Structure formats: structure tokens, C-alpha cells
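Following: one structure in C-alpha cells, then a few remarks.
Just so you know, these numbers come straight off a predicted model, no measurement behind them. For the numbers below, each heavy atom of this structure counts, side chains included, while hydrogens, waters and symmetry mates do not. We name chains A, B, ... by the order of the sequence lines, and we start the count at 1 in each one.
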Number of protein chains: 2
Amino acid sequence: MPSVPRTARERARAEITSEILDAGRRHLATDGAAGLSLRAIARELGMASSAVYRYVASRDELLTRLIIDAYDSLGAAGEAGYAAVGRDDLPGRFTAVCRAVRDWALANPNEYALIYGSPVPGYVAPADTIGPASRVSNLLVQILADAAARGIEVAAATRGELSQAGRAALEPVLGVLPPGVTGEAIQGGLMVWAGLLGTVSLELFGQFHNVIGENPGDRDAFFAECVTRWAAQVGIG
Amino acid sequence: MPSVPRTARERARAEITSEILDAGRRHLATDGAAGLSLRAIARELGMASSAVYRYVASRDELLTRLIIDAYDSLGAAGEAGYAAVGRDDLPGRFTAVCRAVRDWALANPNEYALIYGSPVPGYVAPADTIGPASRVSNLLVQILADAAARGIEVAAATRGELSQAGRAALEPVLGVLPPGVTGEAIQGGLMVWAGLLGTVSLELFGQFHNVIGENPGDRDAFFAECVTRWAAQVGIG
DNA sequence: TGGCGTCAAGAGCACCGCTCTGCTTTGTTT
DNA sequence: AAACAAAGCAGAGCGGTGCTCTTGACGCCA
């Protein structure tokens, strides 16, 4: 599998493959994951439906590639927000990442639904997805680690130490993290992470009707209030 | 539309309709929303596929009825947990509702995904769903109102007052609530609600791999830690 | 006993994912 | 340059889907 196409055939293959992916992304954005149809893509590209299977093994495989794309796209958006703020400004970085996640989700609702919505039944995410999937959460972990290096105590912010069972439950993630990050900090970070995704999901999936105002700026304002409180909960407010 | 069937024909119609709904629930539980097929239901009930349309207008209508069922089922579970604890024990009630939601979601993953996962593309929830949809959140609101009646100040727990824009964003929900509940309390309650759903969604949709332990009790322990911290965040810890 | 409304069944339309069979094009090897 | 292998494409076809329309049978009520 050459990374750079050498022959005309390989070039054509790479080009058509990316055309298929583009068309898939387009269909995903307009019709959602359920409306993703290899036949429709083939029609759009002017080829027989069977020909698409030369480039994509199955509809599931196409979905997997689009999922990885979505994770990477979201990860890039989050990292851009992260990098735009200096590391001295922890609350600024935190806010930037949160806003980047929400903005990306609002701009790419179907991609968001693909990765954080209901999993496609009968579909199991391959191992290739777990790398890109953790790009955003890694940013939050990084912020926590920076906070820890600065001696910020999160236990007070999250009110109380972890129970023994609670600490044991966090064993997997504690193992891969810098040693300065306490279990209490991880607990708080996970809760903020869940709160962020939950908030974005509720907003995106239409559960805020008759709850949050519909005027321009209302949802932004609510989210801003959430962000400041989340920051306080992990002790960087 | 008689509520109680009088003729034999009406009785048969009601019976077959409920059989169709049961079969739909069954298929939903095993195959998920995407696998819900009117033809499969017809096959299972031993009738022609076209006959099902005498009882159910369309696949979407069947889905809607199942969604309402799911909201009602979750609402009943939450209310049972709520009612099992006396109103003096606010933390107990709060914990019971949270656990009821998670337990119900774990027991009915597809129903949960149906109502809190990605919305079915091209499908808009009819107005019939908003009533049952708010049964659980009403419980949390009730707890907040009880706390307010008891003079519990939530502003301190959620760290800081709302901005003017933040309060304006909460206008719709503030209008329908008992006057004792402050904007700060609603902000905190919504954040807890989003955190609860976000946590359950992350767990249910498999985003806790390599994060939370897989040993029995690990996820329970993590959730318990979340619950105690949520309670503290709304000032009833 | 008519007539009317309801019901079930079947055929059919357009779509889907996927496979298999040929045929053509391309690249490599002798 | 000729031969061969690989890859590409189109078409037909299988079984499945939601949904519609027509046809015929049945129960109920006047």
C-alpha cells in the first residue's frame, strides 16, 4: 500500500476513493447516518453500485472511515482552540476547548451524532477509532495535568475525596496518566467531560425546547454559564 | 375513538394493535431502532405486511408510539425511585432518581438510545412526546423546589451568580417553575441533568472503554461518586 | 336482506446492501 | 512485442425494506 501513488492506476484509485468519502460525508451531513447509501454515492459519481465495492468493502467500513474522520475533525478543532490560548491561561484554554467542541458539533451535527449519539446497532467500532476518539479528552487531561503541576487542589472543588471503590474504578485511566493527576481530579474531569457532551447532546438533539430560550445568544449564554461552572468544578475557575 | 372497546371488532382491533406494539418493542430491544421493520412484525404476527398498515399509519408512527412508551417507562421508573424515599431525605431522593435513570437505561439500552441518542433523521418528535419526556426532569425540579422551600442556597454550590444573559436564557423554564426556584438553582439543575444523561450515554454507548474499569461494581462506584458530587453541586449534598 | 365500513391479502414500485459473472483496461513480466 | 495477471467496471440478480393500490371477504347495523 504505497503512501504516495506512483502509477496512474494508483492515482486514480486514491482519487476515486476520496471522492467516495467526500460524497459519503456530504450524504452524511444532509441525510444522517441512516441515509448513507452506497447506491446513492455510486449514482452521484456516475458509476455502477457494484463498482463502489472495489474501493469500500462495505457500508460499515465506509461508516467507520467517516467516524474516524469525524473524530479527527473534532480533535483538530479542539486542539486549535487549545493552542490558541497560552498555557498560562488555564481557564482560557479550558473555555476554548469547550467552545470548540460545541461549535464543531453545531457545525457538524450529523458527524457529532455519529460519534456521540446512539451507536449503529450491530456495528462495533474497530480499534482504529480509539486513537482519534481520545484527542479531545486528552486536551482536558492536559489541562488537568497542568493544573496539578501548578499545585491546584481539585479535591476541594469536587467536594470530598474518592471512596476506595471509586478510586479503583478509575484504575484504567489513572494508569495512563501523569502521576501528578489525582483520582479526585480525574473524577472531576470525567464529570465535566460528561457534562460537556451531555449539554451539547441535549442542545443538538432538541431537548432544550421550552427550557432554554430560542433568542439569538440564549444558548450561547447558557453554555457560557456552564463552562464557568465546570471550570470551577475542576478548580481552575 | 372509544376508550373501552364495545364491539367485537373494536376489541379485536385493540388487541392486534397492542400485539403490534409489543412486537415492535421486542424488535426494538433486540435490533435497535434501525432494525425495526413492519414486515418483520407482520411476519411474526402471521399476517401480510400490508395488513399492519391498518393499525399503524407508518413506520414513523410506530416509532413515535414506542418513543412515548419509552419516555413513560423511564418516567415511571424515576417516579418509583422518587416515591420510595421520603420527602425529608432530599439527598436520598436525588440519589434514587439518578440511580433509577441509570438502571432503566442499562436495562433498556435501545429505548434509551431512542429517546436520548441521535434523533432519527427526517423524523421530528410530535407534540405528544413532550409531556412524557419531562416526567423525569420534573422530579429533579421538584427536588430543587423542595430544597428552595427549605431555604437551601444553591448559588454558593454552583459558584457564582448568573449573568444577565444567562438568566435571560433560562426564561422559558423559569416561567413554568415555582417562584422559589432561583435561576442559579435551575442552572445547576440543568447542568446536573446534562451530566447525568451525559454519563449514562457515555457508559451505554461504550465511551468508557479503557477509562472506567470493567470489574463488577466499577461502573457503579464511578456513578455513585458522580451522584454525590452532583448532589453537592445543587446544594443538597 | 342490502349496504357500508373494515379488514386481510397480493401484487407492485422504488429503494437498499451485497454478490457473482463477464468484459475491458491497465501494469508487469517474459 | 507478446502474454499474463491484476484491477476496474457494468449488469443482472438475491433478498430485504417501506409503502401504495386493488381486490375480495367478512361483520355489523339499519
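- Using a 4.0 Å cut-off, no side-chain N or O of A:Arg54 falls inside it from OP1 or OP2 of C:dT25.
- Distance CD (B:Glu15) to P (C:dA8): 12 Å, rounded to an integer number of Å.
- When distances are taken from the side chain of A:Ser49 to each of C:dA8, D:dT20, C:dC18, the shortest belongs to C:dC18.
- What separates CG of B:Leu38 from C1' of C:dC16 is a distance of 16 Å, to the nearest Å.
- Proximity note for B:Ala48 (side chain, C-beta onward) versus C:dC7, C:dA9, D:dC9: the nearest is C:dA9.
- Phosphate contact (OP1/OP2 of D:dG16, side-chain N/O of B:Ser37, threshold under 4.0 Å): absent.
- Here the P atom of nucleotide D:dC19 and the CZ atom of B:Arg59 are 8 Å apart, to the nearest Å.
- Although no hydrogens or angles enter the test, the distance criterion places no donor-acceptor pair under 3.5 Å between the side chain of A:Arg229 and the main chain of B:Gly188.
- The pair B:Glu15-B:Arg11 does not meet the salt-bridge criterion, since no charged nitrogen lies less than 4.0 angstrom from a carboxylate oxygen.
- For A:Ala57 and A:Ala40, each mapped to the nucleotide of DNA chain C holding its nearest heavy atom, the one lying further toward the 5' end belongs to A:Ala40.
- Rounded to whole angstrom, the span from the CD1 atom of B:Ile16 across to the P atom of C:dT6 amounts to 15 Å.
- Remark: P of C:dG17 and CG of A:Leu36 are 8 Å apart, rounded to the nearest angstrom.
- Side-chain contact annotation: A:Tyr112 with B:Ser118, donor-acceptor N/O pair under 3.5 Å absent.
- Picking from C:dC16, C:dA9, D:dC19 the nucleotide with the shortest atom distance to the side chain of B:Tyr53 gives D:dC19.
- Here the CG atom belonging to A:Asp69 is positioned 8.5 Å from the CD atom belonging to A:Glu111, to the nearest 0.5 angstrom.
- Close to C:dA8, at under 4.0 Å from its OP1 or OP2, lies a side-chain N or O of B:Tyr55.
- In this model, a side-chain donor or acceptor of A:Arg39 finds a partner on the base of C:dG17 within 3.5 Å.
- Here the side chain of A:Ser50 is nearest to one of D:dC19, D:dT17, C:dT19, namely C:dT19.
- Remark: C1' of C:dT26 and CZ of A:Arg11 are 14 Å apart, rounded to the nearest angstrom.
- No more than 12 heavy-atom neighbours from other residues, nucleotides or ligands sit within 6.0 angstrom of CZ on B:Arg99.
- Rounded to an integer number of Å, the gap from CZ of B:Arg43 to P of C:dA8 is 17 Å.
- B:Glu10 has its CD atom 15 Å from the P atom of C:dG5, to the nearest Å.
- Between B:Arg13 and C:dC7 there is a side-chain N or O to OP1 or OP2 distance below 4.0 Å.
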